[in-house]
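Every heavy atom of this structure was used, including side-chain atoms; hydrogens, water molecules and symmetry mates were not.
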Amino acid sequence: MPVPTTRTKENSTIKINTEICNGCGLCVSVCKDFSLILFNNKAVADEKSILGCIGCGHCMAICPKGAIEITGREISPEDLFQLPDKSSATTYDQLLSLLQHRRSIREFTQQEITPEVIEKIITAAATAPMGLPPSDVNVLIINGKEKTGAFVKDFSNYLKGLRYMSSKLFLALMRPFWGKANDEFFREFIRPVFNFYIDDMEKGKNYITYDAPLLIYFYGSPYSDPADPVVAATYAMIAGESLGLGSCMLGAIHPFIQNGKRARRFRESHNIKYKSREGLFVAFGYSAVKYSKGIKRTFASVEAI
Ligand SMILES: Cc1cc2nc3c(=O)[nH]c(=O)nc-3n(C[C@H](O)[C@H](O)[C@H](O)COP(=O)(O)O)c2cc1C
Ligand code: SF4
Ligand code: SF4
């Protein structure tokens with residue numbers, strides 16, 4: 001049974017040109033689905049694969065002779081491209097410098113972001129490891145102050161209808177179900193944030209999206225792994241930094257627009273195709289502030305075993 005996603009429920013097909021296959025076995029070694037074997041010194045498709053060809057394309061990408069073609073599950077030989085020379089890749093020091101310069105930016109200039117820059121962000125983000133192919137990560141682009149402003153206003157109005165979720169009674173009722181950590185998190189973080197999101201929005205202060213001129217929402221589908229859209233959003237953020245943009249992840253929109261009829265209506269009215277276990281909005285814009293120092297961040301724990 002092929003692994004289903006919203007985009008396909010079929011396996012890919014494997015076509016090998018045995019005339020040009022030299023039997024090097026590279027395709028066999030990279031196929032972790034065991035869809036390929038060597039037989040009489042030629043690569044052949046094997047019936048005993050684990051999931052059936054998932055269309056990852058690794059075999060096509062590694063074959064030195066161009067002897068293998070994978071089609072289906074949204075992949076085809078046309079998707080192959082020549083990799084840029086490795087010497088053009090960033091060094092660790094350059095990458096670290098880029099990452100160290102990134103800070104969550106919440107003050108943006110009025111400058112809008114061109115479609116060319118957005119396309120570059122999307123191109124870079126699409127290189128992220130996004131789960132079993134074809135990726136089930138969806139991307140919604142809300143570009144321009146007018147559109148982002150209308151979106152956040154609509155979201156704030158929508159939140160008003162969920163205000164009961166921050167009431168003392170609701171939290172007391174929920175505690176036995178979702179436990180101490182969630183209770184503390186809701187009381188000490190979600191509740192005040194929820195209230196000031198709505199109240200400040202009414203006073204004309206936008207602490208939800210910080211008046212960023214561009215919002216990009218990465219979200220999954222009922223089939224995707226929760227991590228998939230988050231990894232893509234992270235890549236997008238780094239790409240934005242390399243293009244001179246400031247950015248900030250906005251975690252507080254996605255969870256509120258998942259469950260119930262109102263949430264469904266909100267999603268539909270903003271062209272959000274699916275509810276999903278995880279999703280992340282990222283705000284982008286040209287930074288109105290400049291940091292001269294970095295801040296060292298640490299993990300909760302780093303242990304070698
Ligand atoms: C999943 C996730 C959700 C976040 N949501 C928000 C948010 O809703 N609003 C906000 O101002 N910052 C948000 N942030 C940014 C964090 O607050 C920020 O990463 C943290 O303060 C560290 O600061 P730095 O990014 O400048 O290192 C989010 C970050 C992550 C990873
Ligand atoms: S596309 Fe992936 S799963 Fe299919 S044969 Fe090639 S390496 Fe194996
Ligand atoms: S990598 Fe190409 S040439 Fe090598 S065994 Fe596989 S199909 Fe044949």
Side-chain angles (χ1 to χ4, degrees), residues 1-90 119-141 218-236 238-239 273-274 276-279:
M1 160 82 179
V3 181
T5 78
T6 59
R7 298 167 75 188
T8 184
K9 310 236 178 316
E10 306 291 326
N11 281 127
S12 300
T13 54
I14 306 166
K15 195 170 143 205
I16 298 159
N17 185 338
T18 46
E19 295 287 307
I20 54 175
C21 169
N22 67 7
C24 70
L26 285 170
C27 59
V28 177
S29 66
V30 295
C31 180
K32 297 304 178 242
D33 183 62
F34 306 108
S35 288
L36 299 166
I37 52 167
L38 278 183
F39 183 73
N40 287 341
N41 213 28
K42 298 284 177 190
V44 290
D46 189 8
E47 295 289 294
K48 295 194 287 296
S49 69
I50 299 174
L51 302 169
C53 176
I54 56 167
C56 68
H58 279 225
C59 53
M60 270 203 300
I62 205 163
C63 176
K65 305 299 283 182
I68 190 157
E69 290 188 354
I70 302 294
T71 312
R73 290 184 80 85
E74 305 281 327
I75 190 174
S76 81
E78 275 91 75
D79 293 324
L80 281 180
F81 63 92
Q82 198 58 47
L83 283 173
D85 193 86
K86 197 102 200 220
S87 62
S88 71
T90 182
E119 199 178 318
K120 284 184 174 177
I121 294 173
I122 300 300
T123 301
T127 67
M130 292 187 285
L132 208 102
S135 164
D136 242 339
V137 175
N138 298 278
V139 180
L140 181 77
I141 299 167
F218 297 86
Y219 65 101
S221 81
Y223 292 101
S224 59
D225 186 284
D228 296 348
V230 180
V231 179
T234 308
Y235 268 47
I238 297 166
K273 293 183 193 168
Y274 306 104
S276 57
R277 281 183 290 170
E278 197 50 274

J.: How close do Ile121 and Ala239 get, counting heavy atoms only, and between which atoms?
T.: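 Nearest heavy atoms, Ile121 then Ala239: CA-CB, 4.2 Å.
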
J.: I need the minimum non-hydrogen distance between Ser12 and Ile70, along with the two atoms involved.
T.: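 It is CB-CG2, 3.6 Å.
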
J.: Please round to the nearest 0.5 Å and tell me the distance separating atom CD1 of Ile68 and atom CD1 of Ile16.
T.: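 The CD1 atom of Ile68 sits 4.0 Å away from the CD1 atom of Ile16.
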
J.: Show the nearest heavy-atom pair for residues Thr18 and Ala43, with the distance to one decimal.
T.: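 Closest pair (atom of Thr18, atom of Ala43, distance): CG2-O, 4.4 Å.
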
J.: Are the side chain of Arg7 and the backbone of Ser135 linked by a donor-acceptor contact shorter than 3.5 Å?
T.: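 The answer is yes, because a donor-acceptor pair under 3.5 Å joins these two groups.
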
J.: Restricting to non-hydrogen atoms, name the atom on Asn11 and the atom on Leu51 that form the minimum distance, rounded to 0.1 Å.
T.: ND2-O, 3.3 Å

J.: Tell me whether Lys32 at atom NZ has more than 12 heavy atoms from other residues, nucleotides or ligands lying less than 6.0 Å away.
T.: yes

J.: About how many Å separate CD1 of Ile14 and OG of Ser49, when rounded to the nearest 0.5 Å?
T.: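 The OG atom of Ser49 sits 7.0 Å away from the CD1 atom of Ile14.
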
J.: Should Pro64 and Cys24 count as side-chain neighbours, where that means a heavy-atom distance under 4.5 Å?
T.: yes

J.: Tell me whether Arg73 contacts the main-chain N or O of Glu10 through its side chain, where contact means a donor paired with an acceptor under 3.5 Å.
T.: yes

J.: Using only atom types and a distance under 3.5 Å, with no angle test, would you say the side chain of Lys9 pairs donor to acceptor with the backbone of Thr6?
T.: no

J.: So does Lys120 have more than 12 non-hydrogen atoms from other groups sitting under 6.0 Å from NZ?
T.: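 Incorrect, the count does not exceed 12.
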
J.: More than 12 foreign heavy atoms under 6.0 Å from CD of Glu119: is that the case here?
T.: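 It does not: Glu119 CD has 12 such atoms or fewer within range.
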
J.: Working to the nearest 0.5 angstrom, can you tell me the gap between Cys56 SG and Asp33 CG?
T.: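 If we round to the nearest 0.5 Å, Cys56:SG and Asp33:CG are 8.0 Å apart.
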
J.: Under the 3.5 angstrom rule, does the side chain of Asn17 hit a backbone N or O of Glu69 as a donor-acceptor pair?
T.: no

J.: Rounded to the nearest 0.5 Å, how far apart are CD1 of Ile50 and SG of Cys31?
T.: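 Rounded to the nearest 0.5 Å, the CD1-SG separation comes out at 8.5 Å.
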
J.: Once you round to the nearest 0.5 Å, how far does CD1 of Ile20 lie from NZ of Lys42?
T.: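 Separation between the atoms: 9.5 Å.
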
J.: So which atom in Ser88 and which in Asp85 form the shortest heavy-atom distance, rounded to 0.1 Å?
T.: OG-O, 2.7 Å

J.: Determine the minimum heavy-atom distance between Pro222 and Tyr274, stating which atoms define it.
T.: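 Smallest interatomic distance, heavy atoms only, reads CD-CD2, 3.9 Å.
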
J.: Does a side-chain heavy-atom distance below 4.5 Å link Cys53 with Thr13?
T.: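 No. Closest side-chain heavy atoms not under 4.5 Å.
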
J.: Measuring only between side-chain heavy atoms, which start at C-beta, is Leu132 closer than 4.5 Å to Ile54?
T.: yes

J.: Any side-chain heavy atom of Thr5 within less than 4.5 Å of one from Ser221?
T.: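 Side chain of Thr5 against side chain of Ser221, heavy atoms only: no contact under 4.5 Å found.
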
J.: Look only at the side chain of Tyr219 and the backbone of Lys273, and say whether a donor-acceptor pair between them is shorter than 3.5 Å.
T.: yes

J.: Are the side chain of Asp46 and the backbone N or O of Leu36 linked by a donor-acceptor pair below 3.5 Å?
T.: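 No.
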
J.: Are Tyr235 and Pro129 packed together at the side-chain level, in the sense that at least one heavy-atom pair is separated by less than 4.5 angstrom?
T.: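 Yes, at least one pair of side-chain atoms sits under 4.5 Å.
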
J.: I need the Thr8 OG1 to Ile75 CD1 distance, nearest 0.5 Å.
T.: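 Nearest 0.5 Å value for the OG1-CD1 distance: 12.0 Å.
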
